[in-house]
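The next block holds one structure in the form of structure tokens; read it before the comments.
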There are 2 protein chains.
Amino acid sequence: MDQPPKSIPTIEQVARAAGVARSTVSRAFSRPGMLSAETVAHIMAVAGRLGYAPNQVARALSTGRYGNIALIVPDVANPFFPPLIRAAEARADAAGLCVFLGDSDEDPAQEERLTGKMAAQVDGFVLASSRLAEDAVRALRGRRPVVLVNRDIDGLDRVLIDSAPGTAAAVRHLHELGHRRIAYVGGPPFSWSNQQRRTAVLQTAGELAIEAVEVAAERPSYEGGMAAAPAVLSARTTAAIAFDDLVAQGLMAGLAGLGVEVPAAFSVIGCDDVLGARTYPPLTTISARSTDAGRAAIEMLLAQIEAGPSSGTAQRLGTELIVRATTAAPGPSP
Amino acid sequence: MDQPPKSIPTIEQVARAAGVARSTVSRAFSRPGMLSAETVAHIMAVAGRLGYAPNQVARALSTGRYGNIALIVPDVANPFFPPLIRAAEARADAAGLCVFLGDSDEDPAQEERLTGKMAAQVDGFVLASSRLAEDAVRALRGRRPVVLVNRDIDGLDRVLIDSAPGTAAAVRHLHELGHRRIAYVGGPPFSWSNQQRRTAVLQTAGELAIEAVEVAAERPSYEGGMAAAPAVLSARTTAAIAFDDLVAQGLMAGLAGLGVEVPAAFSVIGCDDVLGARTYPPLTTISARSTDAGRAAIEMLLAQIEAGPSSGTAQRLGTELIVRATTAAPGPSP
DNA sequence: TTGAAAGCGGTACCAG
DNA sequence: CTGGTACCGCTTTCAA
């Protein structure tokens, strides 16, 4: 009983229904200013009634502009990315672009496959936390406009979430509370973000003349944070700044399992603010601005698509400390 | 010093250089079996020398097959969706398709805009928890293959995560623990998922002859759950099943704020298992299988793209209870 | 086995 | 301001 899917309306059908030429309909959509207001209104009404939308593929064929962009992330399920994706999507949509999403599964080869497949139908790429080798990125940007997020390659447009200010504020906050020996529970050693945070902790601690020790979380995950709890304690610290919120959350769980109360006996600070105030107690953390990053990346890409290859600008997004309830003055030593 | 991008070769140039017709070149690439071996070899050689590759967009315009699909979700940042998106992406990618991601922002109008924009460049749609009116969905499926996730429209292909078994198991679990009066903290009244969970709670409670009261969370969020805590307590229940993990998490926070310990004084069960074991204590919950749902949806869509419109199959995914640490025998009444 | 030509759905130039 | 028409690059009958 199924109707054969009635084909989607074309510009021709709209033109006929509206009693105008195809070119007029085309103009109503791309350059309405060229037409009289009534004509536009009439055409739009007819188009709306028919459920017409310009066919991007046909348009692309004739203009060489695709109206699509690609967004590649290493792992959609990592809570850092969804807000970024959402913001990028929204901004691109506002500019009339459709978004291809690619998940590289943290794998450079996969990322390269994806970019290759998509390059033929997009006007540009946003690569978030790209795992690609530097020359692969450069090669891609030779074909299409590219914007990087949290990856620092000279000569390319990029938006960098600079966690240094927030991290420094976190160390100061701990210092003011009275902590004199703190831990940094680190993430992936070669990650740009990790290096940045680590450096900020060490440097600020140095300036304040307090001790900072580094404890590695074998993986930047809840489990990794949990497993780091004993090491953090045995390092005789009274507070820890974690690579990200997940690690912080795991650390809190590990601490709780060891009978150490947060924040009474130990203070914890996360990073990225992906958990909101949803932990108990609510986690003090460093803002990540992934939403801003997503939007900014699209804006840079749009500019590049408009104006041609840019000389490669780095846009830095500041961060700050969000004090909630996992930090307090150091308690009696455990 | 940038070379002006040397325009990429077209089929026409290859044809001329090879001294054959365009159609012959076309066949060399799409149906080489139709040509003599020498012709093919010759054309391929010339094409190789010129660096020619068929233009996908032009090909799509003439064949009507795009090699793309669209996936629309109400909110990328809702933790239920990323695993689904990830799985769908992976499955589609394995089939050689690129995925457009759309975020409807919970808004039917926006969802309609997105589908309209994408319809002209995709071979089909997956609508997850679609907010579209039923006839809008039907209209869309009139134009393109469509698969629904967690939306039950007769005659359409759909994959439904059936939380009834898991929910029933949750009620039984509570009953075995000794609870005799429990609460269901509900979600959006018209949501298919909510109705299903609510029904399962009420029915199973009836079968076991225990009392179940419904408490509405004004919003299916952490805050909503938190705000429901007083109501849950004043209903004199000793345990609650929440619409989803976020609500459960909020409820736990609300309870903690009221000085009620979980699970000693009150038991809590979530739904969807989006938090893993990452709450403290780890949340007992009902599995959601969103990963399976994402993969299954793509598979149904592929089948539909291959074989033409289906008669509309519902694929149901079972669920089960995951017992962690937020449930225990009822404590002394608060 | 190969060539010629008619689209696919738009855009943009050229008249009027 | 609007209509007519030649493309965009490729696929696909239809003939030869």
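Chain naming here is simple, since letters A, B, ... match the order of the sequence lines and numbering starts at 1 in each.
When heavy atoms are screened at a 4.0 angstrom cut-off, B:Arg31 is found touching the sugar-phosphate backbone but no base atom. Here A:Ala53 lies in heavy-atom contact (under 4.0 Å) with sugar-phosphate atoms only.
Rounded to a whole Å, the CG atom of A:Asn55 is 6 Å from the C1' atom of C:dG9. One interatomic measurement links the two molecules: CZ of A:Arg59 to C1' of C:dC8, which rounds to 16 Å at whole-angstrom precision. When rounded to the nearest whole Å, the span between CD of A:Glu38 and P of D:dC1 equals 10 Å. Rounded to whole angstrom, the span from the CD atom of A:Glu12 across to the C1' atom of D:dG4 amounts to 12 Å. Whole-Å rounding puts the A:Ile8 CD1 to C:dC8 C1' distance at 12 Å. When rounded to the nearest whole Å, the span between CD of B:Gln13 and C1' of D:dC8 equals 13 Å. One can place CD1 of B:Ile11 at 18 Å from P of D:dC7, the figure rounded to the nearest angstrom. Counting to the nearest Å, the P atom of C:dG7 and the CG atom of B:Leu61 are 14 Å from each other.
Looking at the side chain of A:Arg27, the nearest of the listed nucleotides D:dC1, D:dT12, C:dC14 is C:dC14. Taking only side-chain atoms of B:Met34, from C-beta outward, the nucleotide of C:dA12, C:dT2, C:dC8 with the closest atom is C:dT2. Comparing C:dG10, D:dT12, C:dT2 by their closest approach to the side chain of A:Tyr52 singles out C:dG10. The side chain of B:Ser62 has C:dC8 as its nearest neighbour among C:dG9, C:dC8, D:dT12.
At least one side-chain nitrogen or oxygen of B:Thr39 sits closer than 4.0 Å to the OP1 or OP2 atom of C:dT2. Taking side-chain N and O atoms only, A:Ser30 has no distance below 4.0 Å to OP1 or OP2 of C:dG10.
Residues satisfying the side-chain contact (heavy atoms from CB on, under 4.5 Å) criterion with B:Ala297, sequence neighbours excluded, are B:Val126, B:Val147, B:Val149, B:Val159. Listed by chain and residue number, A:Glu38, A:Thr39 satisfy the side-chain contact (heavy atoms from CB on, under 4.5 Å) test with A:Ser36 (two or more places apart in sequence, or in another chain).
Proximity of the aromatic rings of A:Tyr52 and A:Phe29 is defined here by a centroid distance below 6.0 angstrom, and this criterion is met.
Listed by residue number, A:Arg22, A:Ser23, A:Ser26 are the residues of residues 14-26 of chain A with a heavy-atom contact under 4.0 Å to DNA chain C.
A side chain to side chain contact (heavy atoms under 4.5 Å, CB included) with B:Leu132 is found for one member of B:Leu127, B:Leu148, B:Ile153 and no other, namely B:Leu127.
Around the CZ atom of A:Arg143, the shell of radius 6.0 Å holds no more than 12 heavy atoms that belong to other residues, nucleotides or ligands.
For the residue pair A:Gln110 and A:Asp103, no side-chain donor N or O sits within less than 3.5 Å of a side-chain acceptor on the partner.
Under the 4.5 Å side-chain criterion, counting only non-hydrogen atoms from C-beta, B:Val73 is not in contact with B:Asn78.
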